[in-house]
Amino acid sequence: VPRDNIDRSGLPEASPGKPPAAFWSKWGERASCAPPVSITVCLTGSSENPKAGSPTIASIFAQRIVVGVAELAVASQINATLSTYALGSCIGLVAYDSAAKAGGLLHLMLPESTLAPAKAVEKPAMFADTGIPALFNALNGVRAQRTRINLFMAGGASVLSGPDNFKIGERNVVSVRKMLSVYGCRL
């Protein structure tokens, strides 16, 4: 696992002089590829690798939480791992408070809940304008403070090979930035 504790297993390596077919992007960088991207966030903050075949106590009790499309999860257990898969035009928003050792992951699909208000009530994590407030509320429950949170974003790709009249990925990125500015947060 690299120094930043992001699991990139399953992603292709870049060949010399060419970017990989799928890659990670931070806030402000837009993925320029259509293949699905996955995110894994380890809350341990450690880059130590135990000897092969020798499980540690922490690895025995490790908790893996998979966040599906239009879902969110938060954790404050030091051995928790939050993961999501197949972002494409969706956005994976990661929040981490290093002082509280708490973090969260939101996998949102669409930019605005005005597209389907009934769905927004049922699944607020589906939309940027309802999912981000829900993420911050959930983070408060695990004692994370918005002033200390580091935010990262992945996804927002243009997944269609031809003309994309809907531009969902691009609209998702714009909507996330807009909502974060309302909360006084930056990527």
Side-chain angles (χ1 to χ4, degrees), residues 5-11 22-27 30-31 33-44 61-97 100-146 149-159 166 168-180 182-183 185 187:
N5 290 329
I6 297 174
D7 179 9
R8 291 174 177 82
S9 60
L11 293 178
F23 64 92
W24 294 89
S25 63
K26 291 184 181 178
W27 291 114
R30 191 165 163 266
C33 57
V37 176
S38 62
I39 300 175
T40 300
V41 181
C42 297
L43 299 181
T44 61
F61 296 105
Q63 181 181 16
R64 183 171 174 95
I65 302 164
V66 178
V67 179
V69 177
E71 294 180 350
L72 70 87
V74 298
S76 59
Q77 299 85 3
I78 194 123
N79 58 348
T81 301
L82 305 176
S83 300
T84 194
Y85 302 96
L87 289 172
S89 63
C90 294
I91 298 289
L93 182 61
V94 177
Y96 183 67
D97 180 343
K101 301 271 191 264
L105 176 59
L106 167 65
H107 185 149
L108 64 93
M109 254 175 80
L110 297 167
E112 299 165 355
S113 60
T114 55
L115 301 169
K119 204 61 146 161
V121 172
E122 182 186 331
K123 285 190 117 7
M126 181 178 282
F127 304 95
D129 63 346
T130 54
I132 291 172
L135 176 65
F136 285 144
N137 285 338
L139 286 167
N140 284 338
V142 290
R143 301 192 179 174
Q145 293 182 11
R146 197 173 31 204
I149 289 177
N150 291 310
L151 295 164
F152 303 93
M153 175 173 66
S158 177
V159 295
F166 296 108
I168 297 296
E170 186 176 320
R171 289 174 44 213
N172 280 342
V173 170
V174 169
S175 186
V176 166
R177 288 178 178 278
K178 180 180 171 184
M179 282 304 300
L180 291 176
V182 167
Y183 282 95
C185 298
L187 301 173

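Both backbone and side-chain heavy atoms feed into the values below; hydrogens, waters and symmetry mates do not.
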**Study point:** Euclidean distance, Ser83 OG relative to Arg64 CZ, rounded to 0.5 Å
**Key:** 3.5 Å
Study note, to complete from the structure: Minimal heavy-atom distance between Ala144 and Asn140, with the atoms involved, is O-OD1, 3.5 Å
Exercise for review: To the nearest 0.5 Å, tell me how far Ile65 CD1 sits from Glu71 CD.
Suggested key: 11.5 Å
Check your understanding: Can you tell me how far OG1 of Thr130 sits from CG of Leu108, rounded to the nearest 0.5 angstrom?
Key -> 8.5 Å
**Study point:** Side-chain heavy atoms of Ile168 within contact of Leu110, under 4.5 Å
**Key:** yes
**Study point:** Approximate separation, where rounding is to 0.5 Å, of Gln63 CD and Thr81 OG1
**Key:** 9.0 Å
Check your understanding: Has the side chain of Asn172 got a donor or acceptor atom that lies under 3.5 Å from a matching backbone atom of Met109?
Key -> yes
Revision key, fill the gap. Minimal heavy-atom distance between Leu93 and Leu180, with the atoms involved, is CD1-CD1, 4.4 Å
Review point. Any donor and acceptor pair, going by atom type alone, linking the side chain of Ser76 with main-chain N or O of Ala102 inside 3.5 Å?
Key: no
**Study point:** Beyond-backbone contact of Phe127 with Lys119, side-chain heavy atoms, under 4.5 angstrom
**Key:** yes
Practice item. Would you indicate whether the side-chain heavy atoms of Ser158 and Glu170 approach each other to under 4.5 Å? Key: no
Review point. For the residue pair Ala95 and Ile149, what are the closest heavy atoms and their distance?
Key: CB-CG2, 3.6 Å
Point to revise | pair Phe152-Leu105: side-chain heavy atoms closer than 4.5 Å | key: no
Check your understanding: From His107 NE2 over to Thr84 OG1, what is the distance, rounded to the nearest 0.5 angstrom?
Key -> 4.5 Å
Study note, to complete from the structure: Shortest non-hydrogen pair, Gly131 vs Leu72, comes out as O-CD2, 4.1 Å
Check your understanding: Would a 4.5 Å heavy-atom cut-off, applied to side chains only, mark Met153 and Val176 as touching?
Key -> yes
Review point. If only atom types and distance count, is the side chain of Ser89 paired as donor or acceptor with the main-chain N or O of Gly169 below 3.5 Å?
Key: no
**Study point:** Validation row: Asp97, Leu139 side chains within 4.5 angstrom (heavy atoms)
**Key:** no
Check your understanding: How about Ile132 and Leu106: do any of their side-chain heavy atoms sit closer than 4.5 Å?
Key -> yes
Check your understanding: Of all heavy-atom pairs between Pro133 and Ala128, which one has the smallest distance, and what is that distance?
Key -> CD-O, 4.0 Å
Study note, to complete from the structure: Smallest heavy-atom separation, Gly155 atom then Ile91 atom, equals C-CD1, 4.0 Å
Review point. Just by modelled atom types, is the Phe136 backbone N or O under 3.5 Å from a matching donor or acceptor in the Arg146 side chain?
Key: no
Point to revise | Test item: Ser113 and Met126 side chains (from C-beta on) under 4.5 Å apart, heavy atoms | key: no
Exercise for review: Step through the shown structure and confirm whether more than 12 heavy atoms of other residues, nucleotides or ligands are within 6.0 Å of OH on Tyr183.
Suggested key: yes
**Study point:** side chain to side chain contact (heavy atoms under 4.5 Å, CB included) between Leu151 and Tyr96, worked out
**Key:** CA-CA 7 Å; Leu151 295 164; Tyr96 183 67; over 6 Å; no
